[in-house]
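Accompanying notes for the structure given below.
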Amino acid sequence: MKEQLHKIKQRGLEDLEKISNMKQMRSFEVQYFGRKGELSQVMRRIKDLPKNERPALGKLANEVKQALNIARSKAEKSLTSKQREVSVIDLTWPSQPHRLGHLHPLTQFLDKVMNIFTSMGFEVLEGQEVETPEYNFDLLNIPKNHPSRDAWDTFYVEGGMLMRTHTSPVQLRAMKKKRPPVRLIAPGRVFRHEATDAGHETTFYQCEGLVIDRSITVSNLISTLEQFLKEVYGPKVKIRVRPEYYPFVEPGMDVDMQCLICDGQGCSVCHQRGWLEMLGSGMIHPKVLSNMNIDPEKFSGFAFGLGIDRLMMLYHGINDVRLSYSGDLRFLEQF
Ligand code: PHE
């Protein structure tokens, strides 16, 4: 066995001299130091020797191992860095999986809304987030000292401009360039100077709708919005229409949807009312049509404003609007 150990050492040192890359180095290690390597095999047999021979052989085996190991690390160091690189990069090694993000639930929902309206022949427009008071209020029939202005808590910015409080100014901006007939929606961010709570945010999303043509009536408005709500929430949807005041429409109305959770029986989601307020709408006020340079005698139209956040929350059963803007992955990863 002594003989054998010397031979292993001899051969090992010779083998090391021939090594020219890291791949060979690794197989050298397996061959000599591996669990089933030559040295281990000899060392395993030492315990079968007579007791008095064991210490000397054990010592020799360790010396051989150490000598080979020192020679091995010297040889490894002397391999040029290039040889190391070539052998270490294994192009067949599977890559690390990438963590992909996905669209925000609000964006996903907005896509759904846009798909429904474009399939009904609406075009999609974008407006500007910083507006003049003229477009946000005056041209929408909300004069400066009129109390109805109080319904929109406003952030004013430099130069007398403001962060738009609703998407309705896009109605007027669009009609600077277009003539009836028009069917358009304008989704986007809006801003209100509000204290936040589960139902209110300072920044949220609306989607404006505008239809102008000859002889457009309230029934066109109702059927369009009913169809939209059915597309989103399913064929069981029941709606009701309530009068509501918005200065830029006449008549103005809110559309409610029967609560889908309790089938109108009353529950915590609908605050025991059985109905959920879904959106504001109405027939465009003749004054607003005139501000668009459209003759109210010849044309009529309707407009609506969807609160995208609310509709999305109802769709997914989310009870706090602030979650959408928290950036909390525990929330976002559920969609
Ligand atoms: N702009 C209104 C709001 O933000 C909603 C609305 C739009 C109402 C269009 C009627 C017609 O409250």
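As the structure lists them, so they are numbered: ligands from 1, and atoms in each ligand from 1. From a predicted model like this one, the values you see are computed outputs, not experimental measurements.
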Could you give the distance from CG (L279) to CG (L306), rounded to the nearest 0.5 Å? 5.5 Å
Is the shortest distance from a heavy atom of E244 to ligand 1 less than 4.0 Å? no
If we only count N/O pairs under 3.5 Å, is T165 in contact with ligand 1? no
Could you find the nearest protein heavy atom to atom 2 (C) of ligand 1 and give me its residue, atom name and distance? F248 CZ, 3.7 Å
G34 to S40 - nearest heavy-atom pair and separation: O-OG, 2.6 Å
If you measure from each non-hydrogen atom of F304 to ligand 1, which part falls under 4.0 Å: side chain, backbone, both or neither? backbone
Atom 3 (C) of ligand 1: closest protein heavy atom, distance to 0.1 Å, is W152 NE1, 3.7 Å
Beyond-backbone contact of Q128 with V170, side-chain heavy atoms, under 4.5 angstrom: no
Hey, does the side chain of Q206 reach the backbone of T167 with a donor-acceptor pair shorter than 3.5 angstrom? yes
Closest non-hydrogen atoms of T196 and E201, given as atom of the first, atom of the second and distance, are CG2-OE1, 3.6 Å
Check each heavy atom of A151 against ligand 1 and say whether those closer than 4.0 Å belong to the side chain, the backbone, both or neither. neither
Describe, in one word, how the ring planes of F117 and F304 are oriented to each other, choosing from parallel (under 30°), tilted (30 to 60°) and perpendicular (over 60°). parallel
Polar-atom distance check: R192 versus ligand 1, any N or O pair below 3.5 Å? yes
Do ligand 1 and S168 have nitrogen or oxygen atoms that lie under 3.5 Å from each other? yes
How long is the gap from CG on N115 to CE on M120, to the nearest 0.5 Å? 11.5 Å
Taken to the nearest 0.5 Å, the spacing of M1 CE from L57 CG works out to 6.5 Å
Could you find the nearest protein heavy atom to atom 7 (C) of ligand 1 and give me its residue, atom name and distance? G305 N, 3.4 Å
Identity of the nearest option to atom 10 (C) of ligand 1, non-hydrogen atoms only, from G307, S281, G209: S281
One finds that the ligand 1 atoms under 4.0 Å from a non-hydrogen atom of Q206 are 3 (C), 4 (O)
